Amino acid sequence: MYFLTGWPRRLLCPLRSEEEPFHIQPSSQRFYFAVLSETQLSIWFSRPSVLIVSYIESAKAAAQFGFYQKTQWKPDDSMIAVATVKGYILLFDVVGGGDDKYLYEPVYPKGSARVRVTPGYKEEQCAPALSLEMKKPVDLEAPITSLQSLQEDLLVCTADGYLHVLHWDGQGSNGHKAICLTTIPFSLDLQSARGGPSLELEGVYIRCMEYCVTLDGYAVVLSDGRLGFITPLSNTITADQLQGVWAADVTDGTCVAVNNKYRLMAFGTASGSVLVYMIDTTTGSMQLSHKLELTPKHYPDIYNKTGPVKLICWSPDCSVVMVTWECGGLSLWSVFGAHLICTLGEDFAYRSDGTKKDPIKISSMCWGAEGYHLWVLPNKQERRRQEEQQEVEMGEPRQSFLQAGILQFHFIKSALTVNPCTSNQEQVLLHGEDRLYLTCGDPTQVHSTSDSHAHSHLHTRDSSPLHHPPNPDSSLSQGLSTLLGHKHWHVVQIHSTYLESNWPIRFAAIDTAGQCMAVAGRRGFAHYSLFTRKWKLFGNITQEQNMTVTGGLAWWNDFVVVACYNFIDQQEQLRLYQRSSNLDNAFASVTKLHSDTLLLNVFRDMVILFRADCSICLYSLERRNDSPNPSANVELLQEVSMSRYIPHPALVVSVTLTSVRTETGITLKAPQQACMAESIMLNLAGQLIMLQRDRSGPQVREKETPANNKKLLPFCPPVVLAQCVENVWTTCRSNRKKRHLLEALWLSCGEAGMKVWLPLFPRDHRKPHSFLSRRIMLPFHINIYPLAVLFEDALVLGATNETVLYDGLQGSSEPLEAVFPFCTVERTSQIYLHHILRQLLVRNLGEQALMLAQSCASLPYFPHVMELMVHVVLEEEATSREPIPDPLLPTVAKFITEFPLFLQTIVHCARKTEYALWNYLFAAVGNPKDLFEECLMAQDLDTAASYLIILQNMEVPAVSRQHATLLFNTALEQGKWDLCRHMIRFLKAIGSGEMDTPPPTPTTQEPSSTGGFEFFRNRSISLSQSADSITTGKFSLQKTYSMPTGPSAKGRDVECAENMYIDMMLWRHARHLLEQVRLRDLGCFSAQLGFELIGWLCRERNRVARVDDFVSALKRLHKDFLWPFPVIPVGSLNSPLKNGRCRTVLSTRLLKSQSADSLLNSDMDTALPPTNPTNHTWLDGLGQSAKEMDTASSAHSNQHSPQTHDAFLSLLTNKVEEYSIGSATDLTETSSVVDGDWTMVDENSSTLSLSQAELEHISMELANKGPHKSQVQLRYLLHVFMEAGCLEWCVVIGLILRDANVIKQVIGFLDSPEVPQETVQSVRNGLLAVDTWASTDCLGYKPFLNLIQPQLQQLMESASEQVQPEAFQPTSQSSKLGGSEGLGGAVVPRPEDNRGVAAPLGLALPSLEPAGGFSRPPSEDCAPEQKEEQGEDEGTYDCTLS
């Protein structure tokens, strides 16, 4: 409603004086302020805020009259009355200074475009020169306690119990009347009133009094603290015509202020609370409406220490009230008690170091024009103390004269306070005195350029470091996120030219798209478009000055609808101005009105006006395009007189046309009826009154009559829907899916929160129950002040005050900026759906709740709504002291089971609630074990993992371990690696927890989770680095079964057992994958969970790591790795393969380079990317270095970069099963030979000239390769199987890669005595089976099989001979070396080194040198040394590769 902004401004009085101002009183229009000190009356002007005139009493007169005390203005600002201590009333005439006497006037630079043609134009922006002339004083002979100004009279209360009525002119026989208080009869209500004087009023006088126009009576506080209301029974005030009413049971009243618009009386009490009373219209008694008090919840340390209420001030628009106490501080409430601001808490009350500040004590305050400022006079001592401090600091000599100061607090307020006819219900629009704040509108318009541009206005007055322009990326593509995405406002500075002559801004409105704003000040109006970022003002200033907006502004399509008064014709008019044409009366559609318009609103193509004669007029609007400038046609449709129901026209706060009907439930067939104007909603002083169209008459003619006659149905008598209503929201849109939300009526009710009048629909077109009402009013509390409702999104938008301290400024002489925090206004929003669902469930309307919830299930925060609902009900019921007869939680739980997110809602709610409430929660929703199993069945593993944490707390460890194992196995099966890692950690934690010891701190690497893969991850790739640069301890490996070393052997045992348990599960999964020939999954599993693949394969070499069916294994690999089956080139019969030359080229060159590439690739790819990668830099680096290296590789990297980048990112972010191409250690060498074929072609093209056929063949080879990523993965697996000695798998991978060297090498190994005979047999049979299959089904493999024919031949012979293996020892060694030579130094385990070693990674690698420089004597001498080495370093191995 109202929000503080910036810092307060201090106005210093230019006249130095010893006296302190202590009382301030605004004139009726609030353009002038009378400020009193003891012998001085000053008048200040509002804009600019300057002192105009000061009247200083002479010492002699001051001695006669006594000091000044109170003051009042005459309603027309022509006189001021001042009450003095000795009982005198001094009357002053306020005299203008003649024609050209202005104190301050604007000076324009030469050549300025300002025209000054209009009469009276100057007064609008000049501070006038006034003088004060004292008239004859009136002596009332008793101390004066209260002054009250009436139209022609001045009411004065004195301490001797009299009420004096003085005529402002002081002339004539009726110039002075006195009424004794004791002659006024008082009672509790007007019905039981009795005549005669009240004896109980002896010696009592009126301490404070205020007149209420709309109640036509006086709210009074008596000297004994009682509260009353005095009504004159006739037009004149005479003793026998007054009647008084008591407020029951109150004896500590201190002050009073009345609200004319809402007919409320706010009485301050000595206890610090404000009691707001209304008059019951039937009995005439005073009824307590609500209380305004600080709550212990928000202000625990001050709520009961404020002291008595000192002052109460209603804002000029009557929508908020400001309260201050004896102990100081300011607090702001909305009219029905929603608390907005208080300066007794948070940054207002505490410095940044936590010390408490003294609250500012206030001696007087009042609101400025339109409520943009609060003028505050601080207490005398308060100011004197500050100034003394300042003078001490400045070191100036003490002056006896102090400069008096007035504090001016700045406010921005919602456009709804004065112009409740905003045509846009879904945008928040606030206006300050010179700027508009709006939520950023249509996302297509809000781009980065415009944002920074619009925010440049922020620094004009609030030059604060706090307003940052919003992030340009924040304008997301959905409308909802634009309204909620950030806390910044779109700030539009109001055009200074318009402001200068028309301050203050009285009305503001925004259109439905949120793109156009219109503002109206004292005269004329102006509008602004976010499209063009320009203001449009009247081109002819006379036209602007000749109209004033009376009833408000609204937008209709692209027209501004204005209810205004025309000074020239002296009549009320309804005008429509087109947005795109110039702002000029020539383009306006003007309709004459017969009475003053007070309010206006637009509904679809209709305008509704509320007039001063208490009648309502409906007009239809129609666009006319016949002239060059589009205009609008306005026709009167209907007039409804409301004078019977409305006691005073000023009481109507808002008037709205809506499509709301009470009989919504009757028919579902007519959504188009939802668009018709069915009812009028009238907010009458907080009572919401509804007038529906009367459909009880004959309805038959509807089909025959033209459509427009339908609108003329009469209205039924009014019905009161709700009390204490501040704002109403409704929409004219319709949406079949969200009818509940769109056909509802939303009310904001102050401290009572919000209410929604929700339609109830029968389900599935059934006939509604006769006993089921058509609508239901549901109250709910929200934490923000609602300013707009997003109907479909089930959100309320609001704003809130935020503060920032700057108390480090300028030493200890606290300037204003240090005393007060800097205030900003931030946007807020709140979900309300869970409140409504809960209210429906409480009322047994579960079916309606379900329909409503299903219509909103697609909202992004729907899961949050569900959680909130469970959470709120759970907290209330589980922490309740008394047993709850009818608990709601089981109903809520049952309701949520209707939605798929039931399981996660419950678990999220449980994890955000304290453990003590879990039993209550799960008693209602079901056993967590069952819920866990449901999650597993629904394959929702992440939610199941959350349930595990609950099971761990609620069940014994055995149960949680059993469930964790279940989940772990499922996660392994589904490849959820992140979850698997968490489960491993969780199982370890449970294990250590069982022994009642805290889990031991993990050693450098947890053996089962990282050890195995660390081996590859840290392998260096560079072939040029020296070996010793890598042999550092950081790559040491722990074996899984290393004996526990260290003090806590018991804890270590548990950890060992736990690790063993986890390893068993991992081994079982690996076996399962290998049996199903899922090599790709196996590689992934190993890489993601750090599974020691090589060690495990070594153990399983002769068990599960065998290949039973080579052909099906080969087919499965083709499928898994997306590897194409080879095809035969067209000219394969005359293929150069037949002639020997090409045979040599292919076998030596191609295979050599390919195998060199295989070493690089396999090694390089084992180095996984860093474990927690954050950005793409090293990937980009890979591409870069490739370009630097040489042309061939840069060609490759360019060709591959798009795909490879995709692959990489998915690996890093989603942990998908992919292995990296590069390693962070040495990018340059690897990327230069990332793909051997490219280098091969590059290298050969210079040395050999290849024939056309050969080139074709090579290109065929390239075409027959799979994706580069798959090649990398296969090379990696080949490398792993080689190291583990699983020769059958090596053959299968060699076949799919069509790498003859691999086959050659493996067949070389088969001669070794270490290899069991069945392996040799299996390889031979497998290759024969592949050969058979290739001959029939896949001829593409034949060329390759022909190429490895010699090796196959050798295999057949060796298998048939079956000679003693020892005889072949030397040969096998040399053949192996030959193989390695061709391989360019591939890492090959020597089977001999494995003898008798059970370690999973028990392979000490031979130290290899770059290809070509391979010199190692083929002797057996290395083996024993290596075995010795292994014996020494049982626990760790250094794996190096130069």
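Counting begins at 1 with the first residue of the sequence. All heavy atoms count here, side chains included; hydrogens, waters and symmetry mates do not. What you are looking at is a predicted structure, and each value in this text was computed from that prediction instead of being measured.
Counting heavy atoms from C-beta outward, Val276 and Leu288 have side chains that stay 4.5 Å or more apart. In this structure the side chain of Leu344 never reaches within 4.5 angstrom of the side chain of Ser331, judged on heavy atoms. Proximity of Cys255 to Leu311: side-chain heavy atoms (C-beta onward) are nowhere separated by under 4.5 Å. Met265 is not listed as a side-chain neighbour of Cys212, based on a closest heavy-atom distance of 4.5 Å or more. At a threshold of 4.5 Å between non-hydrogen side-chain atoms, the residues Glu751 and Trp333 do not count as touching. When side chains are defined from C-beta on, Phe186 counts as touching Ile230, because their heavy atoms get closer than 4.5 Å. Looking at Phe31 and Pro504, their side chains come closer than 4.5 Å, going by heavy atoms from C-beta outward. Within the 4.5 Å cutoff, no side-chain heavy atoms of Gln241 are placed close to those of Pro232.
Taking the six-membered ring where the residue is Trp, Phe409 and Phe820 present perpendicular rings, their angle passing 60° and hence far from 30°. Ring pair Phe92/Tyr68 is perpendicular by interplanar angle, where above 60° counts as perpendicular and below 30° as parallel. Between Phe33 and Trp375, the angle of the ring planes stays under 30°, which puts this pair in the parallel group of the 30/60° scheme.
Nearest approach of Asn379 to Ser363, heavy atoms of both residues: OD1-CB, 3.7 Å. The minimum heavy-atom distance linking His23 with Leu377 is given by the pair N-CD1, 3.3 Å. Among all heavy-atom pairs drawn from Ile312 and Ala266, the shortest one is CD1-O, 3.5 Å. For the pair Gln243 and Ser187, the tightest heavy-atom approach, listed with the atom from each and the gap, is NE2-OG, 3.8 Å. Contact record, Ile80 with Trp168: C-CZ3, 4.3 Å, taken as the closest heavy-atom pair. Nearest approach of Pro378 to Gly405, heavy atoms of both residues: CD-O, 3.8 Å.
One N or O on the side chain of Glu19 and one on the backbone of Thr39 form a donor-acceptor pair closer than 3.5 Å. Side-chain atoms of Ser146 come within 3.5 Å of backbone N or O of Met209 as a donor-acceptor pair. The main-chain N or O of Cys614 is never found under 3.5 Å from a side-chain atom of Ser643 such that the two would form a donor-acceptor pair. Within the 3.5 Å criterion, the main-chain N or O of Ala63 finds a donor-acceptor partner in the side chain of Lys86. Looking only at distances, a side-chain donor or acceptor of Thr254 sits under 3.5 Å from a matching main-chain atom of Val309. Put simply, the side chain of Arg207 gets close to the backbone of Ser223: a donor and an acceptor are under 3.5 Å apart. Asp93 contributes no side-chain N or O that, together with a main-chain N or O of Val95, makes up a donor-acceptor pair within less than 3.5 Å. Side-chain atoms of Trp73 come within 3.5 Å of backbone atoms of Gln25 as a donor-acceptor pair (strictly under, hydrogens ignored). No donor-acceptor pair under 3.5 Å is formed between the side chain of Ser149 and the backbone N or O of Leu154. Under the 3.5 Å distance criterion, the side-chain polar atoms of Ser334 are left unmatched by any main-chain donor or acceptor of Gly750.
Note: Trp367 and Tyr2 meet the aromatic proximity criterion, with ring centroids under 6.0 Å apart. Ring-centre distance between Tyr218 and Phe229: not below the 6.0 Å cut-off.
Tested against Asn259, the residues Leu264, Val320, Leu215, Thr214 include a single side-chain contact (heavy atoms from CB on, under 4.5 Å) partner, Leu264. Residue Leu90 is tested with Thr84, Val138, Leu41, Thr71 for a side-chain contact (heavy atoms from CB on, under 4.5 Å); the sole match is Thr84.
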Problem - Trace of the side-chain contact (heavy atoms from CB on, under 4.5 Å) decision for Leu163 with Ile206 - result: CA-CA 8 Å; Leu163 196 60; Ile206 294 175; 4.1 Å; yes
Exercise for the section: Show your working on ring pair (Phe, Tyr, Trp, His ring centres under 6.0 Å) between His410 and His373 and close with a plain yes or no. Expected result: CA-CA 5 Å; His410 308 288; His373 297 123; 5.1 Å; yes
Problem - Val53/Tyr32 under side-chain contact (heavy atoms from CB on, under 4.5 Å): CA gap, chis, key distance, verdict - result: CA-CA 11 Å; Val53 59; Tyr32 303 107; over 6 Å; no
Practice task
For Val82 and Leu36, run side-chain contact (heavy atoms from CB on, under 4.5 Å): C-alpha distance rounded to whole Å, both residues' side-chain angles, the deciding distance at 0.1 Å, then the answer.
Solution key: CA-CA 9 Å; Val82 177; Leu36 282 189; 4.2 Å; yes
Practice task
I would like to know whether Thr269 and Val274 meet side-chain contact (heavy atoms from CB on, under 4.5 Å); could you show each step before the answer?
Solution key: CA-CA 6 Å; Thr269 62; Val274 175; over 6 Å; no
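Note that CG of Leu599 is 10.0 Å distant from CG of Asn683, once rounded to the nearest 0.5 Å. Rounding to the nearest 0.5 Å gives a distance of 11.0 Å between NE2 of His176 and CG of Asp153. Here the straight-line distance linking atom CD of Gln64 with atom CD of Glu57 works out to 9.0 Å at 0.5 Å rounding. How far CD1 of Ile52 is from OG of Ser46: 8.5 Å, rounded to the nearest 0.5 Å. Rounded to the nearest 0.5 angstrom, Leu4 CG and Phe411 CZ are separated by 4.0 Å. To the nearest 0.5 Å, atom CG of residue Leu188 and atom CE of residue Met286 are 10.5 Å apart.
If you check the side chains of Glu433 and Trp503, you find a donor sitting under 3.5 Å from an acceptor.
In Lys291, the NZ atom is not crowded: 12 or fewer heavy atoms of neighbouring residues, nucleotides or ligands sit closer than 6.0 Å. Around OH of Tyr162, the count of heavy atoms belonging to other residues, nucleotides or ligands within 6.0 Å does not exceed 12.
A salt bridge links Lys413 with Asp317; the closest basic N to acidic carboxylate O contact falls under 4.0 Å.
Both tests do not hold together for Arg47 against Tyr372: distance to the six-membered ring centre under 6.0 Å, angle to the ring axis within 45°.
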